[in-house]
Amino acid sequence: HIHDHNVQRNTRLLAQLLELLAAFNRAGIEPTLTKGAAHLFTSSRETFGARMMSDLDVFVETTEVAAAEQCLIDLGRQRMAGLGWGRPTDVGLIDLHYPPGSLPKYFPIATALSTHSNRESRQGVRAKIPSPTWRAAHLVVHDQIKDGDWWLGGLDVRHLHQRAQARA
């Protein structure tokens, strides 16, 4: 039951992502997708519902920020109290990342992720997907800092397990 509902949610999130990528691509932007956005863009039907998510993490270069934000506005999205970009009908927010980021000393910036990415297409849109190593590294660093694992002395291997399942 939960898996079926998650597939429905992820289907709606993927529709949001494809709409966003189409707008970005028309503006000459080929963003780098991380975390759940990369999962949705690359997953097979078998693994599509394996991950629950609440937003879509999209990296753009510094020179693309103004155009990316204009695309979001043109799609009817607005900033939602520092949580990302969205509209009332969206199932999740767009989390637009760009250099230097909130913690540039610890998080790989878009340029580094982009350098270690492959260009991929799906349903007529293009994006860059970091290599498996960089995706795993980004998830570990994210959990360590953003989720507080560093300060709590924890290590959440949930994301790494999901990455291993996706490759199987």
Side-chain angles (χ1 to χ4, degrees), residues 6-45 47-49 51-139 141-142 145-146 159 162-163 166:
N6 196 51
V7 168
Q8 291 174 19
R9 178 183 176 77
N10 286 355
T11 299
R12 291 179 63 195
L13 280 168
L14 179 60
Q16 284 179 228
L17 180 62
L18 296 174
E19 174 192 42
L20 177 69
L21 292 175
F24 277 9
N25 290 172
R26 283 191 301 273
I29 300 169
E30 198 170 276
T32 301
L33 307 181
T34 64
K35 297 173 26 190
H39 169 76
L40 289 178
F41 197 73
T42 61
S43 68
S44 65
R45 279 318 271 178
T47 61
F48 187 73
R51 183 167 180 181
M52 291 184 188
M53 58 196 80
S54 60
D55 64 3
L56 298 167
D57 291 281
V58 179
F59 282 77
V60 297
E61 300 292 338
T62 304
T63 57
E64 300 170 330
V65 173
E69 289 181 341
Q70 188 59 55
C71 288
L72 289 161
I73 291 167
D74 292 345
L75 291 172
R77 289 184 170 88
Q78 58 187 349
R79 289 184 192 267
M80 306 294 254
L83 300 173
W85 291 79
R87 27 178 208 213
T89 57
D90 287 344
V91 69
L93 296 176
I94 307 291
D95 198 354
L96 187 64
H97 298 275
Y98 47 88
S102 60
L103 297 166
K105 182 176 176 183
Y106 303 104
F107 280 99
I109 60 171
T111 304
L113 286 171
S114 177
T115 301
H116 299 280
S117 298
N118 295 312
R119 287 183 169 84
E120 297 200 22
S121 297
R122 180 175 184 164
Q123 297 183 23
V125 296
R126 298 173 319 283
K128 292 176 255 180
I129 306 297
S131 71
T133 301
W134 276 78
R135 284 174 74 178
H138 182 261
L139 288 171
V141 171
H142 178 274
I145 295 172
K146 192 122 186 207
H159 286 125
Q162 290 170 348
R163 289 294 317 129

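Any value given below was found using the heavy atoms of this structure, including those in side chains, with hydrogens, waters and symmetry copies removed.
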Are side-chain heavy atoms of [X] and [Y] found at a separation under 4.5 Å?
{"X": "Met52", "Y": "Arg9", "answer": "no"}
{"X": "Leu18", "Y": "Phe41", "answer": "yes"}
{"X": "Trp85", "Y": "Arg79", "answer": "yes"}
{"X": "Phe24", "Y": "Val58", "answer": "yes"}
{"X": "Leu96", "Y": "Leu72", "answer": "yes"}

Going by the rule salt bridge (charged side-chain N to carboxylate O under 4.0 Å, His left out), which residues pair with [X] if we only count those two or more places apart in sequence or in a different chain?
{"X": "Arg87", "result": "Glu19, Asp90"}
{"X": "Arg122", "result": "none"}
{"X": "Glu30", "result": "Arg119, Arg126"}

Kindly compute the distance separating [atom1] ([X]) from [atom2] ([Y]), expressed to the nearest 0.5 Å.
{"X": "Asp57", "Y": "Thr32", "atom1": "CG", "atom2": "OG1", "result": "12.0 Å"}
{"X": "Leu56", "Y": "His39", "atom1": "CG", "atom2": "NE2", "result": "11.5 Å"}
{"X": "Leu20", "Y": "Ile94", "atom1": "CG", "atom2": "CD1", "result": "5.0 Å"}
{"X": "Asn10", "Y": "Leu14", "atom1": "CG", "atom2": "CG", "result": "8.5 Å"}

Quick one: list whatever passes side chain to side chain contact (heavy atoms under 4.5 Å, CB included) with [X], sequence neighbours left out.
{"X": "Ala38", "value": "Leu33, Ile129, Arg135"}
{"X": "Ser44", "value": "Glu46, Thr47"}
{"X": "Ala15", "value": "none"}

Using the test side-chain hydrogen bond (donor to acceptor under 3.5 Å, both in side chains), find all partners of [X] that sit at least two apart in sequence or belong to another chain.
{"X": "Arg26", "value": "none"}
{"X": "Asn25", "value": "none"}
{"X": "Arg12", "value": "none"}
{"X": "Asp74", "value": "Gln70"}

Asn6 side-chain N/O to Gly49 backbone N/O, donor-acceptor pair under 3.5 Å: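 Yes, the answer is positive, given that a donor and an acceptor are paired below the 3.5 Å cut-off.
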Closest non-hydrogen atom pair between [X] and [Y], with its separation:
{"X": "Ala37", "Y": "Leu17", "result": "O-CD2, 3.6 Å"}
{"X": "Ile29", "Y": "Ala68", "result": "CD1-N, 3.6 Å"}
{"X": "Cys71", "Y": "Ala27", "result": "SG-CB, 3.7 Å"}
{"X": "Phe48", "Y": "Val7", "result": "CE2-O, 3.7 Å"}

**Prompt:** Between Met53 and Leu40, is a side-chain contact (heavy atoms from CB on, under 4.5 Å) present by the stated rule, with each step listed?
**Reply:** CA-CA 10 Å; Met53 58 196 80; Leu40 289 178; 3.7 Å; yes
